[in-house]
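For the numbers below, each heavy atom of this structure counts, side chains included, while hydrogens, waters and symmetry mates do not. Start at 1 and go down the list; that is how both ligands and their atoms are numbered.
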Amino acid sequence: MPLLSGSNPADVQTGAQRLAAGELVAFATETVYGLGANALDDAAVAAIYAAKGRPAGHPLIVHVASLEAALHFSPALGASARKLLSACWPGPLTVIGPRAVGVGVTAAGGQDSIGLRMPAHPVALALLRQAAALGVKGVAAPSANRFGRVSPTTAAHVQQEFGSSLTVLDGGACTVGIESTILDCTCDPPVLLRPGQLGSAALEQLLGHSLGQRGLHTPRAPGSLKSHYAPRTPVRLMQAADLAAALAGLAGLEQSGQVVERVAVYSRHAFTAQEAVLAWRQMPESAADAARELFSVLRDLDDLAVDTIWVEQPPASADWDGVRDRLQRAATA
Ligand code: TXA
Ligand code: MG
């Protein structure tokens with residue numbers, strides 16, 4: 001059975017056995033669904049790159065069930081990283097540490113560093129623990145989407161990406177909804193590579209000092225490519241006033257009987273409905289709620305086959321960093 005239920009212990013065990021046998025298993029985490037393989041099995045990890053269409057040099061995050069397992073991959077993990085993960089794991093934080101020589105080379109995309117995360121989702125943790133009991137020290141898992149596409153937040157999204165023959169361990173809809181915060185801890189102070197639910201203010205408070213600035217030494221991360229997380233439909237990100245003006249322009253064209261762009265709108269403000277606006281979704285008031293639904297809303301609007309998705313720029317405050325980041329990347333596609 002390709003679709004396994006995370007609430008059924010026998011199914012979780014099946015997932016763990018498949019990982020130990022070198023197969024790919026997609027699984028729920030609290031952020032997004034991951035496409036997993038035994039991080040120490042080069043052929044299995046290569047199958048992730050092939051399935052995603054991901055270029056080989058782009059490193060994967062290794063998911064672990066314990067600190068000991070993390071240290072197997074990065075024995076020289078620094079004090080800042082250890083402090084942060086003792087406060088934030090299990091949870092939506094990935095730390096990048098120096099990689100042990102000869103360990104997880106393919107998973108790390110050949111880099112001498114490695115990304116590590118202990119997810120908080122009970123289904124992910126159960127899978128990782130059972131896999132560990134079968135000798136799988138870590139599970140390399142990028143988001144379970146094809147390269148450059150919107151990350152999946154339900155089992156159905158994963159099946160839309162890869163078809164129904166892939167094993168998927170269903171854990172329901174992801175509660176965080178955007179990918180983990182990534183912190184490069186190969187340098188001191190650590191540098192934020194990708195914002196997520198855990199923001200820089202919270203991390204700085206835990207560390208007791210500021211994060212470092214992104215510099216030339218910073219490793220290349222595809223999650224930091226501009227056109228990432230993109231639906232097929234072009235996305236235009238606009239300030240509320242510009243969005244209102246664009247909608248008024250559309251109404252004018254409509255009234256004069258001219259051919260107009262068919263748009264879907266995702267905004268915090270309510271705008272008067274127009275015929276050319278095929279769908280309107282209201283962005284939630286809180287950043288956490290917006291993050292939770294973001295990728296699934298983008299998928300829904302993408303499925304409408306409109307010409308453009310118009311999105312209102314979210315607030316500039318720090319709690320919106322993760323959502324703003326994902327929308328900016330979607331908009332430059
Ligand atoms: O929430 C998440 O992080 C999800 C779930 C499944 O855990 N995973 C995820 O993986 O988003 P992925 O591959 O889509 O994004 C991983 C990001 C990439 O941008 C990659 O370049 C970066 O992590 N990364 C991983 N290891 C790295 C390393 N050693 N150096 C620099 N960047 C690294
Ligand atoms: Mg991804």
Item to check | Ligand-residue contact atoms, ligand 1 with Ala141, heavy atoms, under 4.0 Å | outcome: 6 (C), 8 (N), 10 (O)
Checklist entry - For the side chain of Arg324 and the backbone of Ala316, is there at least one donor-acceptor N/O pair under 3.5 Å apart? => result yes
Checklist entry - Short N/O distance, under 3.5 Å, between Tyr33 and ligand 1? => result no
Checklist entry - Is the shortest distance from a heavy atom of Arg54 to ligand 1 less than 4.0 Å? => result yes
Item to check | Ile182 neighbourhood, listing ligand 1 atoms whose heavy-atom distance to it stays under 4.0 Å | outcome: 17 (C), 22 (C), 23 (O)
Next on the checklist: Just to be sure I'm reading this right: ignoring hydrogens, which of Ala144, Pro98, Ser143 gets closest to atom 12 (P) of ligand 1? Compare them by their nearest heavy atoms.
Outcome noted: Ser143
Next on the checklist: Regarding Tyr33 and Asp170, do their side chains bring together a donor and an acceptor under 3.5 Å, going by distance alone?
Outcome noted: yes
Next on the checklist: For Phe147 together with His58, are the ring centres under 6.0 Å from each other?
Outcome noted: yes
Item to check | Metal site the Mg ion (ligand 2): N/O/S of Ser151 inside 2.8 Å | outcome: no
Next on the checklist: Counting C-beta onward and ignoring hydrogens, is there a side-chain heavy-atom pair between Ser80 and Leu183 closer than 4.5 Å?
Outcome noted: no
Checklist entry - Is the count of non-hydrogen atoms from other residues, nucleotides or ligands lying under 6.0 Å from Gln282 atom CD greater than 12? => result yes
Next on the checklist: Yes or no: does Ala108 have any heavy atom under 4.0 Å from an atom of ligand 1?
Outcome noted: no
Quiz: residues 16-26 side-chain donor-acceptor pairs under 3.5 angstrom, not counting sequence neighbours:
residue : atom : partner : partner atom : Å
Arg18   : NH1  : Met1    : O            : 3.4
Arg18   : NH1  : Thr167  : OG1          : 2.9

Checklist entry - Relative to the heavy atoms of Leu60, which atoms of ligand 1 are at a distance of less than 4.0 Å? => result 25 (C), 26 (N)
Next on the checklist: Side chains of Ser66 and Arg129, heavy atoms from C-beta outward: is any pair under 4.5 Å?
Outcome noted: no
Checklist outcome for this item: Judged by heavy atoms only, the candidate from Val32, Leu35, Ile96, Thr94 nearest atom 32 (N) of ligand 1 is Ile96
Checklist entry - Do Arg299 and Glu161 sit within salt-bridge range, that is, some charged N less than 4.0 Å from a carboxylate O? => result yes
Next on the checklist: Less than 4.5 Å apart, side chain to side chain, heavy atoms only: is that true for Val45 and Leu60?
Outcome noted: yes
Checklist entry - Does ligand 1 have an atom under 4.0 Å from some heavy atom of Arg117? => result yes
Checklist entry - Looking at Ile114, which atoms of ligand 1 are within less than 4.0 Å of one of its heavy atoms? => result 29 (N)
Checklist entry - Any nitrogen or oxygen of Glu179, main chain or side chain, under 3.5 Å from a nitrogen or oxygen of ligand 1? => result no
Item to check | For Ser180, the ligand 1 atoms whose distance to one of its heavy atoms is below 4.0 Å | outcome: 1 (O), 2 (C), 3 (O)
Item to check | Atom indices of ligand 1, in the order listed, that fall short of 4.0 Å to a heavy atom of Gly34 | outcome: 6 (C)
Checklist entry - Between Gln197 and Thr181, is any side-chain donor less than 3.5 angstrom from a side-chain acceptor? => result no
Checklist outcome for this item: Under 4.0 Å from one or more heavy atoms of Arg194, ligand 1 contributes atoms 2 (C), 3 (O), 9 (C), 11 (O), 15 (O), 16 (C), 17 (C)
Checklist entry - With a cut-off of 4.0 Å, which atoms of ligand 1 are near a heavy atom of Gly115? => result 26 (N), 29 (N)
